[in-house]
Amino acid sequence: MAAARILVIEDDEDVARLERVVLERAGYDVRHAGTGAEGLDLAESFRPDVVILDVGLPDISGLDVCTSLSNSNNAFVLMVSGHSREQDVLLGLGLGADDYITKPFSGNELVARVASFLRRRERLLNKPEGESSLEFGEAHLDRNFHTLVRDGKSVALTALEFRLLWFLAEAEGRLLTRAQILEQVWNDTSGVPTRVVDVHVAALRKKIAEVDAPVELSSVRGIGYRLDKR
Ligand code: CA
């Protein structure tokens with residue numbers, strides 16, 4: 001099997017070198033871009049499985065790069081923030097990044113996050129045939145395109161949003177706790193704060209509204225979420 005492709009978008013040469021070295025040592029095919037524009041260009045031709053994206057880039061903000069990436073690419077996006085306060089801000093924005101890591105981090109930590117993404121991706125792609133689409137409440141989820149479709153209208157979901165909505169839709173009408181959701185959707189729950197679930201549910205609600213899918217994600221305060229037909 002071909003090595004997974006990792007795109008590092010990072011303007012700090014030292015950080016970029018560290019990331020590149022540890023990821024290549026772990027067996028991945030790594031490319032590096034020093035600016036947001038270069039990163040977006042490279043993402044189109046290289047088609048990465050995972051993007052490691054610095055928030056503070058010299059040209060385009062990492063936040064805008066993240067938005068463009070999630071609209072055009074099925075890659076998992078790991079955002080790298082300068083400090084934990086910045087991470088809180090990022091979570092609040094709900095940009096569709098799949099995970100966050102704060103500098104400084106160890107090479108092992110980075111490789112572990114990437115490996116966890118790739119395991120999730122594998123599970124996502126290797127579902128048996130016949131499960132390429134999931135119908136719920138006059139809408140359906142299309143696994144091949146990672147889209148939510150209703151009446152010919154469709155909206156693109158990030159890999160993580162797709163997985164989350166699929167999990168909730170499969171359990172239609174049943175309350176799922178944040179812990180269950182984290183375990184199933186995030187796979188590796190170590191260090192993932194539970195509010196990450198809230199951020200992604202908020203993003204999903206917007207997309208559900210965009211195609212006017214007749215479903216509702218209800219939150220049960222302090223416990224979790226449930227998908228209901230409207
Ligand atoms: Ca930077």
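Every number for a ligand or one of its atoms is a count from 1 in the order of the listing.
- Of all heavy-atom pairs spanning Lys207 and Thr158, the tightest one is NZ-N, 4.2 Å.
- Residue contacts to the Ca ion (ligand 1): Val15 brings no N, O or S atom closer than 3.0 Å.
- In terms of modelled atom types and a separation under 3.5 Å, the side chain of Arg230 and the main chain of Ala213 share a donor-acceptor contact.
- Because the distance cut-off is set at 3.0 Å, Asp54 qualifies as a neighbour of the Ca ion (ligand 1) through one of its N, O or S atoms.
- Across every non-hydrogen atom of Ser219 and Arg205, the tightest pair is N-NH2, 3.7 Å.
- A 6.0 Å sphere centred on CZ of Phe145 holds no more than 12 heavy atoms belonging to other residues, nucleotides or ligands.
- In summary, an N, O or S atom of Asp11 is located under 3.0 Å from the Ca ion (ligand 1).
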